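Here is the structure we will look at, set down as structure tokens.
Just so it is clear, the model here is predicted, and its values are computed rather than measured. These numbers come from the heavy atoms of this one structure, side chains and all, not from hydrogens, waters or symmetry mates. A note on names: the letters A, B, ... follow the listed sequences, proteins ahead of strands, and every chain is numbered from 1.
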Number of protein chains: 2
Amino acid sequence: MTDRLSGRSGCPINLTLEVLGDRWSLIVIRDMMFGNRRHFRELLGQSEEGIASNILADRLKRLVALGVLSRQDDPTHKQKAVYSLTDKGIELLPLLVQMGAWGRRHLPTTPELAIRQQLMEDGGPALVADFMAELRHLHLGTPLPVGHDPVLPRLRAAYEAELARREG
Amino acid sequence: MTDRLSGRSGCPINLTLEVLGDRWSLIVIRDMMFGNRRHFRELLGQSEEGIASNILADRLKRLVALGVLSRQDDPTHKQKAVYSLTDKGIELLPLLVQMGAWGRRHLPTTPELAIRQQLMEDGGPALVADFMAELRHLHLGTPLPVGHDPVLPRLRAAYEAELARREG
DNA sequence: TTCAACCGATTGTATTTTGCAAGCAGTTAT
DNA sequence: ATAACTGCTTGCAAAATACAATCGGTTGAA
């Protein structure tokens, strides 16, 4: 994808908005990153927000065309498709963290959903880099750095601890 | 603005998308920050992308209602309105910088528009902090730190230097 | 005092995007 | 045989967006 999408302008911020400036694209990417959802039905049914199936199909097709995601056939099931983040997609992580940071500070977030965000912020750029390395492993097959301490379980643990704290 | 917008979810990323997840809101904020545009007509006519007047009116109203912008009467002209960034709005700068960084790396940007972005990236968090202090001065009247080296002129100079380099 | 330029919007209309519910043909596990 | 599941499509209503024209009021210069 090297060509202009619409004829608005070549401003970096505008171009990013033309790719991601809607209500659902980044939700899909968020769920792929933080929820490790790789299949259509997973993305469809297990999200907090409830995307419609036609919208999801459209966004997946679009993001694949734009080079943010890729799509492979699942070898274990002739009808299953596996969606992966490309490197271009993985590099959206810092943007998502910034969005979450602003939302956490300025909008009425739910505590058990905000805790993951806080963990990402507290971990700083090093944690973001670790998570990106982990995503490259999960989505691109890149080997993990030696001594890598997995990030996704840490995020899940923080979420469940907060949930337990609030319930119990 | 402390209440949920729509009933989607309390996830920080989702809430931010509900506020800013469209093609124009962040364009308006970008022009207010980097172009120092404070009036309706300035925002309408001088942007690269050409927003429609009804959309602009809607976004301004909406962003004011959400506490990202504020609106004051211009004392020099009974019909003029001055739009300002609130602190909530100014704190979107790191998000815009991240968006620009991703766009510059992965999308076909125009060199003279990308140069400002590169300057922001090269300056790192310190430059972003300086710029935020400057925005607080321009929009909220906060005193500038002693020894402050203005950022907007630096950005403009970089833009014009790149423009001259490419023309001459 | 006239008048053209400018002010922040609004109106009307056409087009596009979104949201929702139902359903498709093919695949798999029981 | 069949029921559950796969990614994805269809039809239709509602909402958002785009475009052009224009509004009533203000201002500055002739």
Side-chain angles (χ1 to χ4, degrees), chain A residues 4-9 14 17-29 31-32 35-66 69-84, chain B residues 4-9 14 17-29 31-32 35-66 69-84:
Chain A
R4 214 56 45 86
L5 259 140
S6 72
R8 297 215 321 193
S9 95
N14 174 62
L17 278 173
E18 290 189 41
V19 172
L20 303 167
D22 71 273
R23 280 184 161 57
W24 290 111
S25 296
L26 284 170
I27 292 286
V28 170
I29 292 165
D31 284 348
M32 290 184 69
N36 198 31
R37 311 204 201 297
R38 308 290 294 273
H39 301 287
F40 188 94
R41 296 272 179 180
E42 284 176 350
L43 288 161
L44 185 64
Q46 295 173 29
S47 96
E48 297 265 348
E49 291 86 9
I51 188 171
S53 62
N54 54 344
I55 307 289
L56 176 59
D58 177 82
R59 290 305 180 280
L60 288 172
K61 194 174 297 181
R62 182 181 144 88
L63 290 171
V64 167
L66 287 165
L69 305 180
S70 68
R71 196 203 119 114
Q72 298 101 28
D73 291 334
D74 187 329
T76 74
H77 189 306
K78 286 186 182 173
Q79 257 183 329
K80 265 187 178 172
V82 184
Y83 288 94
S84 301
Chain B
R4 213 60 40 92
L5 262 142
S6 73
R8 295 212 324 192
S9 96
N14 173 61
L17 278 173
E18 291 189 41
V19 172
L20 303 167
D22 71 273
R23 280 182 163 59
W24 291 111
S25 295
L26 284 170
I27 292 286
V28 170
I29 292 165
D31 284 348
M32 291 186 69
N36 198 32
R37 312 204 201 296
R38 308 291 294 273
H39 301 286
F40 188 94
R41 294 273 180 178
E42 284 177 350
L43 288 161
L44 184 64
Q46 295 174 29
S47 96
E48 297 265 348
E49 290 85 11
I51 188 172
S53 62
N54 54 345
I55 307 290
L56 175 59
D58 177 83
R59 289 307 180 278
L60 288 171
K61 195 175 295 180
R62 181 181 145 88
L63 291 171
V64 167
L66 288 165
L69 304 180
S70 68
R71 196 203 121 115
Q72 298 100 28
D73 291 334
D74 186 331
T76 74
H77 189 305
K78 286 187 181 171
Q79 259 183 326
K80 266 188 179 170
V82 184
Y83 288 93
S84 301

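- Residue order along DNA chain C, read from the 5' end via each residue's closest nucleotide, puts B/Lys61 first among A/Arg41 and B/Lys61.
- Set against D/dT9, C/dG8, D/dT17, the side chain of B/Lys80 has C/dG8 as its closest nucleotide.
- The side chain of B/Trp24 places no N or O atom within less than 4.0 Å of a non-bridging phosphate oxygen (OP1 or OP2) of D/dA16.
- One finds a side-chain N or O of B/Arg59 lying less than 4.0 angstrom from the OP1 or OP2 phosphate oxygen of D/dT17.
- To the nearest angstrom, P of D/dG25 lies 17 Å from CG of B/Asp73.
- The CG-P distance, from A/Leu56 to C/dC20, rounds to 14 Å in whole Å.
- D/dA16 atom P lies 8 Å from atom CZ of A/Arg23, rounded to whole Å.
- Here the CD-CG distance, from B/Glu42 to B/Asn36, works out to 8.0 Å after rounding to the nearest 0.5 Å.
- Between the side chain of B/His39 and the backbone N or O of B/Tyr83, no donor-acceptor pair lies under 3.5 Å.
- Minimum heavy-atom separation, B/Gln72 to B/Ser84: OE1-OG, 3.2 Å.
- Among C/dG19, D/dT9, C/dA9, the nucleotide with an atom closest to any side-chain atom of A/Ile55 is C/dG19.
- Looking only at distances, no side-chain donor or acceptor of B/Arg8 sits under 3.5 Å from a matching main-chain atom of A/Gly50.
- Separating the CD1 atom in A/Ile55 from the CG atom in A/Leu44 is a distance of 11.5 Å, to the nearest 0.5 Å.
- Atom CD in B/Glu42 sits about 13 Å away from atom P in C/dA9, given to the nearest Å.
- B/Leu43 places none of its side-chain heavy atoms less than 4.5 Å from the side chain of B/Ile51.
- At whole-Å resolution of the value, CZ in A/Arg62 and C1' in C/dT17 are 12 Å apart.
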Pairs under 3.5 angstrom only: tabulate donor-acceptor contacts from the side chains of residues 21-29 of chain B to other protein residues two or more places apart or in another chain.
unit_1	atom_1	unit_2	atom_2	d
B/Asp22	OD1	B/Ser25	OG	2.5
B/Asp22	OD2	B/Trp24	N	2.7
B/Asp22	OD2	B/Ser25	N	3.0
B/Asp22	OD2	B/Arg59	NE	3.1
B/Arg23	NH1	A/Gly21	O	3.1
B/Arg23	NH2	A/Glu18	O	3.3

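- Checking D/dT17, D/dT10, D/dG7 against the side-chain heavy atoms of A/Tyr83 singles out D/dG7 as nearest.
- Nearest to the side-chain atoms of A/Ser53 among the listed nucleotides C/dG8, C/dA22, C/dG19 stands C/dA22.
- The CD1-C1' distance, from B/Ile51 to C/dA9, rounds to 13 Å in whole Å.
- Residue A/Asp22 has its side chain nearest to C/dT18 when only D/dC19, C/dT18, C/dA9 are considered.
- A straight line from CG of A/Asp58 to C1' of D/dT10 spans 14 Å, rounded to a whole angstrom.
- Put simply, CZ on B/Phe40 is 7 Å from P on C/dG8, counting in whole angstrom units.
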Could I get a table of every N or O pair under 3.5 Å where one atom is in the protein and the other is in nucleotides 26-30 of chain D?
unit_1	atom_1	unit_2	atom_2	d
D/dT26	O4'	B/Gln79	OE1	3.0
D/dT27	OP1	B/Lys78	N	2.9

